[in-house]
Amino acid sequence: MCGIVGYTGGRAAAQVLLSGLKRLEYRGYDSSGIALISRKRLRCWKSAGKLQELENLLPENPAGHCGIGHTRWATHGKPSTENAHPHLDTEATTAIVHNGIIENAVMLREMLQARGVVLQSETDSEVLAHLIAAADGQTLQERVRQCLMQVRGAWGVVVSSTTEPDTLIAARNGSPVIIGIGDGEMFVASDASALVRYTRQVVHLDDGEVAVVRPDGFEVTALDAKPMTKTAITIEAGHEDYDRGGYKHFMRKEIDEQPEAVARTLSGRLDERFNTAHLGGLNLSARELLDIRRIKILGCGSAYYAGISGAGMIETLARIPASAEPAAEFRYRNPVIESDTLYIVVSQSGETFDTLAALREVRRKGGRVLGIVNAVGSTIAREVDGGVYMHAGPEISVASTKVYTCMNVVFALLALHLGRVRDMSPQHGRKMIEGLQALPELIEQALADDDHIASVARHYATCESAFFIGRAAAWPAALEGAQKLKEISYLHAEAYPSSELKHGPLALVDENMPTVAIVPDDDLLEKSLASIEEVAARSGPVIAVTNSDDQRVIKLASHVLQAPAAHFLLGPLLLGIPLQLFAYHCAIARGLDVDQPRNLAKSVTVE
Ligand code: F6R
């Protein structure tokens, strides 16, 4: 997805913009550009391809202390230099960078062309630069507001103009914009990662807001010029958290960070006195929790799979009917919203459009929504009625690993909390607490099997397809395992509940179709063994991913990826670790770009 950076202050703006754009590379992009204001002149450099191409175009130490930069992920118009941002008006007085979609761009382009404006690109965004330059407001802020009143759609936009050479105007409607507060300098970005190197004090704009940003401060108004009060928050992560830190890939670094990430998710939340979990941000009393009759969990992709796993944990520990659904499907089927249902949205970025839209739909109909979110201060985190932060730290790799694990840990905490408000005994609660406390160490042990997992991955890296199967609590683990393999190794992988194999997919099993079987050491072990047998009997190779030491698993499977024993509810979560490493090593063996898989973006802020 596209990325935005803006700077105004005493430094050489080009350096700040480039370092910010480099931080945004992980989001995926196909072209980039920067515009600088120097001596009341606007200069712009743009290039298709990687940032290095843009750097090659720049003169040494380009002058300018105020400017904007952009990495583009093509939606309207092919990836090319012309379509790259910034876009300028005809007289080169105004430059804009834009994330989002201008829905009435065709009409606006025709209107501008009728006035004799020659548009330089095929993008929907370019109209903004021409409309702002042509508006008749006294100040740049007024002109931007006038322009935004004419457009329909979604925007995170930053504007720079020769008429106010040290001012940036930033506006948001549906696409994130953050203002970074420095000492005599200010920053704007679409993602905190672009500015943490310079400041950790940030303000998030809300939809419909416009900010005037100058080196000595900022002010925010609504589109109708009404002043808005904003509060700055401090970003937890330091800039080193956004570095690869000696690792070749962010994904690998994030897989290895899981013991500390899980320890942070648990920190201060286990209440050993009452054998429960303490979750301060829920904003629900014990009485209100007792009144909940149903739980519906909404998320996309891996967050949805974590939701399936969470629903299982909640039903098991709290005996509340719970289910998960992809957020977009939920929204579009005009769901019935019930006052005694608790809705939970799950998101790493807190910016996923489909999840945000589902959250808004539920709240519009009067439902109560909790959030399980990683990115502090993100839109979803700000719009929910209460919730739990994961504290997993920044996740840069497109393929989610540590955050998927931490989502599961938050669900385990929530299930414990809800269970202890209801029928769960203190003894049961104590066992769950011990299980959670053991997790960081158990994950460490699971990670130690890396070499073996790499050799098994190399063995299967050339196959074309794979099944992933699991029963009950292991099914979401199978879904997530297949998802990881698809995303980064481009192997076709399909997940099924184990019981479904014989209802169709078994027809595909032969010696060329491996099946990854998730076999936790739980009450369903015998049933899981039966499924493996079904596959082995058809000469299908089986990779058993297990924390059971049952010899029958070892006998039946072609390869075994072993994880340590754990509390029965946390076993599937732990089995996710070998699955992550398996996908990672398959992708490496196939020589693929693990951190930036084709066609995918880290946070999907469009529909
Ligand atoms: C998979 C992956 C995606 C995300 C999904 C939701 O590895 O990363 O499937 O889980 O796009 O993103 P968030 O959690 O940011 O809402």
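We count ligands from 1, going down the list as the structure has it; atoms in each ligand are counted the same way. All values reported here derive from a predicted model rather than from experimental measurement.
Note: Phe187 and Tyr198 have parallel aromatic rings, judged against thresholds of 30 and 60 degrees for the angle between ring planes. Between Tyr496 and Phe467, the two ring planes are perpendicular [angle over 60°; tilted spans 30° to 60°].
Asn408 and Ser309 are linked by a side-chain donor-acceptor pair at a separation below 3.5 angstrom, with hydrogens and angles left out of the test. Side-chain polar atoms of His492 and Glu464 form no donor-acceptor pair below 3.5 angstrom. Side-chain polar atoms of Asp450 and His585 form a donor-acceptor pair below 3.5 angstrom. Residues Tyr29 and His70 have side chains that never bring a donor and an acceptor to within less than 3.5 angstrom of each other. Between the side chains of Ser193 and Asp191, at least one donor-acceptor pair of N or O atoms lies under 3.5 Å.
Contacts between Gln483 and ligand 1, counted as non-hydrogen atom pairs separated by less than 4.0 Å, involve the side chain only.
Nearest protein heavy-atom neighbour of atom 2 (C) of ligand 1: Glu487 OE2, 3.6 Å. With hydrogens left out, the protein atom closest to atom 14 (O) of ligand 1 is Gln348 N, 2.6 Å, a heavy atom. For atom 12 (O) of ligand 1, the nearest protein heavy atom (residue, atom name, distance) is Thr352 OG1, 3.4 Å. Of the protein's heavy atoms, Ser349 OG, 2.7 Å lies nearest to atom 15 (O) of ligand 1. Counting only heavy atoms of the protein, atom 6 (C) of ligand 1 lies nearest to Cys300 O, 3.3 Å.
The contact set between ligand 1 and Ala303, taken as ligand atoms under 4.0 Å from a residue heavy atom, comprises 10 (O), 14 (O). Applying the 4.0 Å criterion to heavy atoms of Lys484 picks out, from ligand 1, the atoms 1 (C), 7 (O). Taking every heavy atom of Ala399 and a limit of under 4.0 angstrom, the matching atoms of ligand 1 come to 7 (O). Remark: ligand 1 atoms within the under-4.0 Å shell around heavy atoms of Ser302 are 1 (C), 2 (C), 7 (O), 9 (O), 10 (O). Taking a cut-off of under 4.0 Å to the non-hydrogen atoms of Gly301, the atoms of ligand 1 that pass are 9 (O).
Considering both main-chain and side-chain atoms, Val398 comes within under 3.5 Å of ligand 1 through a nitrogen or oxygen pair. Every N/O-N/O distance between Thr355 and ligand 1 stays at or above 3.5 Å.
Lys365 NZ: more than 12 foreign heavy atoms inside a 6.0 Å radius.
Classification of Arg197 and Asp243 as a salt-bridged pair fails, no side-chain N sitting under 4.0 Å from a carboxylate O.
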